[in-house]
Structures are given as C-alpha cells and as structure tokens.
Amino acid sequence: MKKGKMIILSGPSGSGKSTISNYLLSKIPELKFSTSCTTRNSRNKEIHGKDYYFVSIETFIYKIKKLQFAEWEEVYPRIFYGTLKSEIHKNWKDNKHILFDIDVKGGLNLKKQYPHNSLSIFIMVESIEKLRERLILRNSESKEKIDLRLNKAKEEQRYANKFDFVLLNIDLLEAKKEAMNLVSKFIFNE
Ligand code: 5GP
C-alpha cells in the first residue's frame, strides 16, 4: 500500500487545535481527518464514526489486546483515546493524507513510528489563563473537567520542543494561515 503523509496536530485542549484542524480539512481536499476511538461520552453535536468512534471501556480494552491500535493513551483517568490501524490504512488506500488531532504523547508516538512521512505540530496559546477562558467560553464541560484539562495542559506544554513545529495561536487568522503554509509545503513540495 502506498503510504500517504501524516499531519499530527497536538496541543492543549482549548488551544484552537480543532478549529485549525477543521480549517485545514476544508482547504485541502487531499487531507482526511483520522477518526479516533474513545471511551468518553459524546458531546452535543458529535457524530459516531465521524468525530469519534464512541465505544465502551470493555470494547476499547478488547481492541488493545487485539493490537488494533497504532497508538492509544489514557488521556484522562479512565478515559481512553486511540488511533486504529484500520483507520490509517483505509485513508491511505483512498489515497488520502491524514490529519490527526491527538494528545501530545500519542502524537510523539506516531511521529516515532512514521518519522519520514509525518509532520508534527504543537499548537500553543500564550498562557494557561487564556486556555481557562477559552474552555469556559466553550461551555461544554463542568468546572471539575476544565481543571482536569488545565492540569493536563500544563504537563503537555513541557513536550512542545519535541515537535517539528510549535505554532503559537494568539491571532486565530494568523495561526490558520501559518498552519496552512506549513502543511501545504509538507504535502505538496517535499
Ligand atoms: P476531546 O475529549 O477534547 O475530544 O479530546 C481530548 C484529548 O484527546 C485531545 O487532546 C485530543 O487531541 C486527544 N485525542 C483524540 N483522539 C486521540 C487519539 O486517537 N489518541 C490520542 N493519544 N489522543 C487523542
């Protein structure tokens, strides 16, 4: 099978990762989103099979045992996320490049497995306080869950320098433009 390229977007929850990811997907038709498996509940408008494959913990553990994941992490206590090997293969078979929105450890793990055909980008905002503001505005989680995400963010920031690029999202329009430049150069010019 011909391997396509992989764009790995990581960074704290609230950093603008999903917005930037959706922007890239809307602009580059050759790029396909990698739908991950998760054990968390679906949020308001999320669709099973598109945003995530929502599965039970039992099913997730079964898939781990059957070696169905290219990578997986317990991103929050008892909440698992993972990239299915089948998802990667399906997209490459369709001649697509793949965009991953995954956590820092998962992102670095994939980069290690596919060092040559992947581009890893860490998205950051200027401060943890800014992240808190964004997560509160998003209004999809309790205060307890927001605190959990902020603690995770502090830990994740420490890994930023292990990525190919660090993209500072202060102005969303600029960040989208920079992401677009990086990704199209990697996909089309190399
Ligand atoms: P959310 O619950 O906000 O959709 O995602 C929480 C975190 O899990 C985000 O940092 C997201 O990038 C990460 N994530 C989503 N899918 C995967 C995956 O397949 N593997 C890993 N390691 N992390 C993932």
Side-chain angles (χ1 to χ4, degrees), residues 6-25 32-57 59-64 66-91 98-114 118-125 128 131-132 134-160 162-163 166-167 169 175 179:
M6 301 168 124
I7 308 297
I8 301 164
L9 294 188
S10 294
S13 197
S15 61
K17 233 180 349 173
S18 314
T19 311
I20 292 173
S21 147
N22 287 335
Y23 177 75
L24 293 170
L25 290 162
K32 170 78 179 51
F33 179 67
S34 168
T35 305
S36 297
C37 228
T38 183
T39 63
R40 84 150 159 75
N41 293 328
S42 66
R43 288 191 204 126
N44 21 20
K45 285 185 186 147
E46 287 177 330
I47 298 169
H48 176 83
K50 179 173 173 276
D51 298 293
Y52 280 108
Y53 301 108
F54 296 100
V55 299
S56 64
I57 292 201
T59 303
F60 200 98
I61 290 170
Y62 173 84
K63 288 178 182 296
I64 294 174
K66 292 282 174 192
L67 305 177
Q68 291 180 11
F69 289 111
E71 64 75 36
W72 63 269
E73 294 289 333
E74 187 175 0
V75 175
Y76 303 110
R78 302 283 292 161
I79 305 188
F80 296 82
Y81 294 80
T83 305
L84 290 164
K85 290 177 188 165
S86 58
E87 182 74 9
I88 297 178
H89 296 157
K90 181 186 79 187
N91 286 322
I98 314 176
L99 185 140
F100 300 83
D101 171 343
I102 65 180
D103 93 318
V104 165
K105 286 185 190 154
L108 292 174
N109 184 347
L110 272 191
K111 176 77 199 177
K112 212 160 147 193
Q113 294 181 55
Y114 301 94
S118 68
L119 172 74
S120 61
I121 304 175
F122 186 89
I123 301 177
M124 232 153 87
V125 292
I128 295 287
L131 275 185
R132 186 192 301 279
R134 290 190 192 206
L135 289 174
I136 291 171
L137 275 178
R138 195 156 86 180
N139 204 18
S140 62
E141 261 126 344
S142 61
K143 183 179 175 307
E144 198 187 38
K145 286 207 173 133
I146 289 180
D147 286 342
L148 199 67
R149 281 170 188 265
L150 289 174
N151 284 336
K152 168 97 183 156
K154 286 181 201 157
E155 191 196 320
E156 286 184 321
Q157 306 260 30
R158 298 210 309 265
Y159 292 89
K162 296 194 187 306
F163 282 72
V166 175
L167 201 162
N169 176 14

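Counting starts at 1 for both ligands and their atoms, in listed order.
Judged as a ring-ring contact (aromatic ring centres under 6.0 Å, His included), and not counting sequence neighbours, Y159 has no contacts. In terms of the salt bridge (Lys or Arg N to Asp or Glu O under 4.0 Å) criterion, residue partners of E87 (sequence neighbours excluded) are, by chain and number, K90. Take I128 and apply the side chain to side chain contact (heavy atoms under 4.5 Å, CB included) test, not counting sequence neighbours, and it matches L131, L150, A153, K154, Q157.
Residues V104 and F122 form a side-chain contact, since some pair of their non-hydrogen atoms from C-beta on lies under 4.5 Å apart.
Note on ring orientation: taking the six-membered ring where Trp is involved, the planes of W72 and F60 are perpendicular (angle over 60°, cut-offs 30° and 60°).
Sorted by chain and number, the residues within 4.0 Å of ligand 1 by heavy atom are K17, S36, R40, R43, Y52, E71, E73, V75, Y76, Y81, G82, T83, D101, I102, D103, G106, R149.
No more than 12 heavy atoms of other residues, nucleotides or ligands sit less than 6.0 Å from atom NZ of K162.
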